[in-house]
Amino acid sequence: MKGSGGGYDRTHDGRAFRSLTVLDEYTRECLAIKAARRLNGNDVLDTLTELFLRKGIPCHIREPGSPWENGYIESFNGKLRD
């Protein structure tokens with residue numbers, strides 16, 4: 001399972017928002033997308049808790065890293081923004 005903060009994006013009227021995306025690296029399934037004006041650590045924990053209850057606890061969770069270390073999630077987020 002891999003998650004990414006997704007960074008800040010802007011709506012059509014220029015207002016900033018953040019997105020959290022969680023992907024299964026093996027199946028490449030998008031498990032969660034959460035978008036809000038603000039996201040904090042509790043939002044991440046709530047999203048992961050919901051996923052653990054629904055899908056079970058994964059064997060491994062990859063923490064966000066540099067963009068070149070997370071090529072698939074960066075590509076996914078770019079396509080999502082488009």
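Please read these numbers as outputs of a predicted model, since none were measured by experiment.
In this view, T11 and D13, R15, F17, R37 satisfy the side-chain contact (heavy atoms from CB on, under 4.5 Å) rule, not counting sequence neighbours. With sequence neighbours left out, R28 forms a salt bridge (charged side-chain N to carboxylate O under 4.0 Å, His left out) with no residue at all. Taking D46 as the reference, nothing meets the side-chain contact (heavy atoms from CB on, under 4.5 Å) condition, with sequence neighbours excluded. With sequence neighbours excluded, no residue forms a side-chain contact (heavy atoms from CB on, under 4.5 Å) with D82. Listed by chain and residue number, L39 satisfy the side-chain contact (heavy atoms from CB on, under 4.5 Å) test with A36 (two or more places apart in sequence, or in another chain).
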For this session: Take T21 and L80, measure what side-chain contact (heavy atoms from CB on, under 4.5 Å) needs, and give me the verdict at the end.
Result: CA-CA 10 Å; T21 52; L80 180 63; 3.9 Å; yes
For this session: Check step by step if side-chain contact (heavy atoms from CB on, under 4.5 Å) holds for E29 and L23.
Result: CA-CA 6 Å; E29 174 186 6; L23 302 178; over 6 Å; no
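In this structure, CG in D24 is found 7.5 Å from NZ in K55, a value given to the nearest 0.5 Å. Atom NE2 of H60 and atom OH of Y26 lie 16.0 Å apart (nearest 0.5 Å).
The 12-atom threshold is not exceeded at CZ of R38, counting heavy atoms of other residues, nucleotides or ligands nearer than 6.0 Å.
I57 is connected to I61 through a chain of hydrophobic side-chain contacts under 4.5 Å among Ile, Leu, Val, Met, Phe, Trp and Tyr, so both are in one cluster.
Nearest approach of K34 to D43, heavy atoms of both residues: NZ-OD1, 4.0 Å.
The shortest distance between side-chain heavy atoms of L20 and I33 does not fall below 4.5 Å.
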